[in-house]
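Along the sequence shown, residues are numbered consecutively beginning with 1.
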Amino acid sequence: MMDYRARYLKVKENNEKDHTQQQDYNPSKDEGDMFHEMSLANDRTSQSERIHPMDVQMAVFHCADGFLKQLMVTKLSQCQYALPLLVPDPFTQQIEFPLWTFRQINKSWKKRNTNNETISQTQPIYKAQTPMVFFFRNCPGSSRTRVLMDGVVEIAWFCPSGTNDDKFTDCVAFCNLHGDAGDHEKQLQILTEMASVNVVLLPQLQRNDRNMKQLDELQKGSKPLICLFTEDETAVTVLKEKYRIGLKNRNQSDVSEELRRAIKNCLSESSSTFRLSDLSKHSDIRVDEEDDDDCRRGRAAAKQMMSLLEKKDLRGIKETFLPHQGKLWHQWSQINKELHRPQGDEIEMDISRKQTDLKKIREQQHASDISEFVKLFIKEVNTDAEHEKMFFVKWIGILLNEYISADLSALHHKYNEKWSTVLTMNDSKNKSEQLTTVQIDLERISKDLQAAALGLEHIMREIGQIYESCSSVKKNKKDLQVHFSSLPSLAAEMMISGFPLELMDGDAAHVPLIWISAVLDQLIQKLGDQRVFVLSVLGLQSSGKSTMLNAMFGLQFAVSAGRCTRGAFMQLVRVSDEMKTQMKIDFILVVDTEGLCAPELAGKSTKHDSELATFVVGLANLTLINFFGENPAEMQDVLQIVVQAFMRMKKVRLNPSCVFVHQNVSDVTAGEKNMEGRRRLQETLDEMTKLAAKEEECDAECFSDVTKFDIQNDVRYFAHLWEGSPPMAPPNPNYCVNIQELKETIMDFASKLHGMMLIDLKVRIKDLWEALQKEPFVFSFNFNAFEIAAYRTLEPEYNKWSWSLCSAMMETENKLHNKIENGTIHEIEETDLKRELKKTIEEVKKSMSEFFEKVRDKDKLIQWKASFDLRIKELQENIVRETKRKLNELLQQRDLKKKIDAQRTHYENTLYEKCKQLALKFKDKANDEETLKKEFDSFWEQRLNKIITDIPPIKDIDIMTDLKQILSDIYKSAHHYSESCDIFTVSTYSEYVLFRKSSKRVKETNGFTQILSPADEAQIRSLVTDVALQTDIMIQSFNISKMGYNISRIQKLTGYIKTRVTEHQTGQVKYVFKINFFMDLVLSICKRGNKMITDQHRLFREANDPVIYVEKKREEYYSIFLKYCYGATSAAIFGEIICQKLKKPIEQSVYKKTARDLASEMRSNCESLNGNRSNLEKHILETLAEEEDFDKYMNYIHEPRDHFKSFIRDEVSQYITDKFSVSVLPKMKENIELLQQKIMKAAHESTEHVKLNRGDVGLWLKSFTQRLSDDLIFSEKDLSGVKHDDVDVKLLEDVMEKELPAMSEISENFNTKTFPVKLDYKSRPDELLIDHFCWCCWAQCPFCTNTVENHDGDHNVAFHRVRGTKGWHFSQTQNLCAVICTKLVACDQDFYEPDGTFPLREHRRAGGVYADWSITPDLSELPYWKWFLYRFQKDLEKYYNKTVDGYGKIPDEWKKYSKQDAIESLGQCI
């Protein structure tokens, strides 16, 4: 902020009243006190005297350090004020010359030469040689008493504008000595010696006055002298270059004119000139630069650097001293852009060649020597002496500016001359070859200007390229004195110190991503991951963008007429602690940009401007759109670019805001005019929006559809920057007011938008720039980058929440399953299931709320809360619905299997009674155990033979034989199917279809079989996958382990498959399936389900085949028989029968509980299963690479869901084997013990219940089974037929307590083999985990068939595969396609579909399966599938009967990847 009116402020004492009011009279005050106060010593300021405003300025000046003094003086100069030149120390009176404070001041002026041509000059003011005169002027509010200004010499310059009304024709310096010159002899001596003209203001003096001696010397001296007499009324008197002018009673305007004329005359006759820096030669003056050790050392180091540039051609300096940023960097940038837009058919080969070229360039960069110039810079900034480092950097900027200013000025003059010539020739009617020559010269001068520009930004750019080259080749440069990894830290420290950093190289038009990312990483390391509000600016060249930012935040962006800013620069502004609370940010990151529509880039600026605008708009939270005036044509050029940029942001779900700034508006207070301007702007914005909407294919009618915009509040009008005409005009105070108002608006935006974290800024820069290098931007921008980052934070938590719900529902399902089997419930309602889940849901919601409140990035993640709330709700509804379905099926099946259960219970209880009767016969022979054993064996054989005779045994089944029978009934000829075929692994379905005559879905190839289009292939594969999934569910719903198997199950499966196939081919397809498609599909599904059905049937047979079941019970029945023989009580026998009956339910309950516990444990402890599906897939791919089994790879590629299941089963099996003794078996024993405790508790409570109600054993049994109905499948009906009328209830509990410990044999028989065998299929831990991981989206990319996890919106994957892995080949060739989808959609090639030809980058337009897939162009390296293609080249050629050659030739770069490279690359994207 610069307001020159600050000098006019008057100090008002606290007790001072308005001059129109009378002061109150206080009679208690003694009158003498007032006179006493007036007579105080002269070294104190009277209370009636105001404080001299210049004393305030000098007080601040004395208290400031060197940098603040320099800033103060620079600002004073911009306000056209006089600057402190000689400053006496207020304590020692030692005179100081603050030369350092003048170092950043440049003055520009114009003058006319002898040919009346205007010559422009710009010089650092400390170097300018000008005439110097004294000049004095009072300012309102000054006081007679000066404390700190007395003896201060100030200096100001008059700079002409080259017009006829200039007061002086050349730049003139004016000095003023404050106070009586007679009291400051040292200052007087220095000034009079160095001045071109001396001006003395004095009263009429007596000859004996002490000052007459100095006046006599001045009068006798050779230098012109002007005396202004305050008591003289005479006009100008001239005598030998000595002027006398009277001031008394004269018109001030007349005196001023006479004085100017006198000075002008004196200067015309004087050849003496003054140079500011010459003051430092006076030995009795202390120079601030010499007095400050840090400044002196910084200057010495900077001069040492600059000495290397002496006598060098400025146009060749960069090439010599900064070689890393020259041709090599420009070539690298150009090739890198081409790399992102691959052309031609040999995409991968072309990409590989370009990548090789990029590596070679980096190697050449790395081989380049670092100049001594850059080495010295790195050495100096790599120091811990912060002050010295700051001085050094400042000095380098000052000396570089001094070094190039003369040459640049000359080049600018040449450029302007040539440009004027071009304009003149263009206006003339006769255009000749001479115009072409002049234009060539103009272009050459333009290149010279670009080559001659040399500043701190170029040194930092060089360091950035040194870092990038070292980073690329992964080793340090031999002549680099520090490790290259420390270079970003130096840049980060400079940013923290307030220096801008180049974000986009304006010469190469490229963002050095590696360098910028590394610097931001260092910023994060030094400051922490702070929250920043990003403010950017866009506008035409020389419209005042940088000036506005500098004025607003006190920044250091380069400013001057013409193209000062090239590319984009960013600078950090620290937010004060006070404002942090209000704004909720730590820093403002200001991004300044080069001007749009620059004349220098005529003809090639449109694309560059569009890229720049898109980049900075996407990067910023708020963008200032800057105009110079209200020229409709200029506004339209900018608005078209800006509107398109904002429209792109909307399409990629970024929502930046904007404020329009009109500078140089003549009457910013005219409300009607402003309203009219706003209306025109709104109309233009809406018009541009409609045009951009067509180009970007976006639905938008007005600008407010694109971004949140308020025409009333988001448009600002600025006054002229200067109050008057430069170069002598001060900044307009109204401009400063406008700056402050805009700053408040920005603060308001910042407090609402909250900015972004530095780490997010780094990601945003990378994503935006990579997208801009591809075409088109919207399809290329990875707008999921933040989503992926958010999901990576949220997914582990979501997995915990989802598993909590699933685990709770498994427990509920198990409990209700037991109740259904026990017959205690007869219907299942969703409300019942939701009630059971209520507690878990509340816990999950609480956990979610705490997470979103406490997580570090809560402001960024809060946008996903609603999405995850919805996902949890949907998960809850899905598992409730699925559980209800399973339990209702169980209810239906319960009635169907009543006969089976009743039959088994009947012959089981009949045996109990027969055993009892046999025991009564041999009761008297209880001591003869051999006889008892012999009799029991005879009895047992008889009963077993009777069971075999009465009930036929359950036979083994043969699924495939039944299937052949069914297929033979449908299709009489047996040649239609082949058991060896697996439809899930075929490379194409073309052999399974017949094309209809009207079909266009056929690719006609020369000499090759007609083939399906990729879309049709994807449709058929989707059908096959879905049918397989639905038949899996059907097989599980058959519940064969409880209901048994019969051929009707296969008939039902076959009928369902037949229906699906028929429905598909009668839809909107241009082909029909051959018979063998249905045959192979049924066979493949049944082969895959064969093991599941066979295993379930085995469990059913073991539980229900009377011979097998009864034979297993032989020892139990013998034990009961002996007890009867030995005369055991009814309670003892009945108790043992109960325990024997409980054995199977206990075993099943414990096995299932252990399975659920194991699944939960593996979700936490097993590395491959403790994350989401992406993590699981990563481990699958790692395992495949380690094993190098091609068949398994093909299974994964063609049947990913099956492979996932197989992998999970293997992981669970291995985990159980590895952890059996330390985890699995202890869990089993713990669960047995807990269940025994529940059983004994139920027995005790039932005994107490019988006592209380005076009941019998029947009441006890009813109470006992009900209390266990949640935990065991055990009910009263299991004991129907067993007589227990005479059982003593009091003894029953004791008997059970004695018999139950025998259940420990369950754990004794428990091992890794029996565990899965004795469990129902769906209760196994691997199946529980399969349900959790595999119940999701299995859509496959239509180009490469990769799959994606559950998601919202379009299908997308973290990474795609080489298309050849699936068998895709180039049209009309046998060459497998060695291209990755993400590179295909980045190129300009087309693909063919029946409905037409579509560009690959716009694949969605093809409709069908393509419409639902988001495939982002990406050239990032993922070696995994490249390694696979090279490693299994021969296997793939044999498998698909194709070749990896021609267009599909593997690039040499791919052959360099090792298996370890492939495995490690997985971590980059998963």
Side-chain angles (χ1 to χ4, degrees), residues 58-77 83-92 94-105 124-127 276-277 279-283 285-309 372-403 455-457 459-460 463 481-482 486-487 489-501 526 554-556 571-572 574:
M58 292 310 297
V60 176
F61 188 85
H62 283 300
C63 294
D65 68 1
F67 301 114
L68 182 54
K69 283 180 181 177
Q70 190 179 71
L71 179 63
M72 283 179 63
V73 170
T74 304
K75 297 288 186 185
L76 286 169
S77 174
L83 315 176
L85 178 64
L86 297 177
V87 182
D89 187 286
F91 302 104
T92 66
Q94 169 73 44
I95 297 174
E96 180 184 68
F97 170 36
L99 177 58
W100 166 251
T101 64
F102 291 88
R103 291 291 186 180
Q104 283 194 313
I105 300 173
I125 201 60
Y126 64 87
K127 284 185 66 181
L276 195 70
S277 57
L279 275 169
S280 60
K281 297 175 183 177
H282 288 267
S283 59
I285 295 178
R286 181 163 59 94
V287 182
D288 60 350
E289 291 178 358
E290 303 299 332
D291 200 46
D292 189 317
D293 292 339
D294 289 332
C295 181
R296 192 174 64 255
R297 283 193 290 267
R299 181 186 61 191
K303 284 189 172 181
Q304 185 183 0
M305 275 185 67
M306 295 304 298
S307 67
L308 299 170
L309 306 183
E372 197 64 30
F373 183 76
V374 173
K375 285 182 188 177
L376 284 171
F377 183 87
I378 293 173
K379 175 189 172 186
E380 291 302 322
V381 294
N382 190 33
T383 175
D384 295 329
E386 289 299 321
H387 248 64
E388 182 181 335
K389 180 168 34 177
M390 284 285 287
F391 273 113
F392 166 74
V393 175
K394 286 271 191 180
W395 271 113
I396 277 294
I398 291 165
L399 296 178
L400 281 174
N401 183 59
E402 176 186 332
Y403 180 77
L456 187 61
E457 68 271 21
I459 300 174
M460 293 308 297
I463 292 173
Q481 62 268 47
V482 296
S486 67
L487 297 178
S489 177
L490 305 181
E493 287 172 2
M494 289 182 66
M495 278 195 76
I496 295 169
S497 298
F499 291 95
L501 180 71
K526 293 175 185 299
L555 305 180
Q556 300 183 37
Q571 188 167 347
L572 274 179
R574 190 182 293 272

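Using a 4.5 Å heavy-atom threshold, the side chains of His62 and Phe91 count as separate. Residues Lys303 and Trp395 have side chains not in contact (no heavy-atom distance under 4.5 Å, counting atoms from C-beta outward). Proximity of Glu493 to Lys389: side-chain heavy atoms (C-beta onward) are separated by under 4.5 Å at one or more points. In this structure, the side chains of Lys69 and Trp100 stay at 4.5 Å or more apart for every pair of heavy atoms. Under the 4.5 Å side-chain criterion, counting only non-hydrogen atoms from C-beta, Ile105 is not in contact with Tyr126. Side-chain contact between Leu572 and Leu501 is absent, with no heavy atoms from C-beta onward closer than 4.5 Å. Using a 4.5 Å heavy-atom threshold, the side chains of Leu308 and Leu376 count as touching. You'll find the side chain of Lys394 stays beyond 4.5 Å of the side chain of Arg103, heavy atoms only.
In this structure, CD1 in Ile398 is found 11.5 Å from CG in Leu456, a value given to the nearest 0.5 Å. Within the model, atoms OG1 of Thr74 and CD of Gln104 stand 5.0 Å from one another, a figure rounded to the nearest 0.5 Å. Interatomic distance, OG of Ser307 versus CZ of Phe373, reported as 9.5 Å (0.5 Å rounding). With rounding to the nearest 0.5 Å, the separation of CZ in Phe391 from CG in Asp293 is 10.5 Å. Glu289 contributes atom CD, which lies 13.5 Å from atom CG of Asp294 (distance to the nearest 0.5 angstrom). Distance check: Leu399 CG to Met306 CE gives 5.5 Å after rounding to the nearest 0.5 Å.
Across all their heavy atoms, Leu86 and Pro88 have their closest contact at O-CD, 3.8 Å. Pro84 and Met58 get closest at one heavy-atom pair: CG-SD, 4.3 Å. Minimum heavy-atom separation, Ala301 to Phe392: CB-CD1, 3.7 Å. Contact detail for Gln571 and Gly498: the closest heavy-atom pair is NE2-O, 2.5 Å. Residues Phe67 and Met390 come closest through the heavy atom pair CZ-CB, 3.5 Å.
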### Task
Kindly determine whether Arg286 and Asp89 satisfy side chain to side chain contact (heavy atoms under 4.5 Å, CB included), including the steps that lead there.
CA-CA 10 Å; Arg286 181 163 59 94; Asp89 187 286; 4.1 Å; yes
#### Entry: Stepwise side chain to side chain contact (heavy atoms under 4.5 Å, CB included) test for Glu372 and Lys375
CA-CA 5 Å; Glu372 197 64 30; Lys375 285 182 188 177; 3.9 Å; yes
#### Entry: Audit row: Phe97, Leu85, side chain to side chain contact (heavy atoms under 4.5 Å, CB included) steps and yes/no
CA-CA 6 Å; Phe97 170 36; Leu85 178 64; 3.7 Å; yes
### Task
Might you work through the side chain to side chain contact (heavy atoms under 4.5 Å, CB included) test for Ser77 and Leu83, ending with a clear yes or no?
CA-CA 7 Å; Ser77 174; Leu83 315 176; 4.0 Å; yes
Show me the donor-acceptor pairs, under 3.5 Å and distance only, between side chains in residues 377-385 and residues at least two apart or in other chains.
from   : atom 1 : to     : atom 2 : distance (Å)
Thr383 : OG1    : Ala385 : N      : 3.2

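Thr101 contributes a side-chain N or O that, together with a main-chain N or O of Pro98, makes up a donor-acceptor pair within less than 3.5 Å.
Among the candidates Arg299, Arg296, Lys281, Arg297, the single residue satisfying the salt bridge (Lys or Arg N to Asp or Glu O under 4.0 Å) test with Glu290 is Arg299.
With sequence neighbours excluded, no residue forms a salt bridge (charged side-chain N to carboxylate O under 4.0 Å, His left out) with Asp292.
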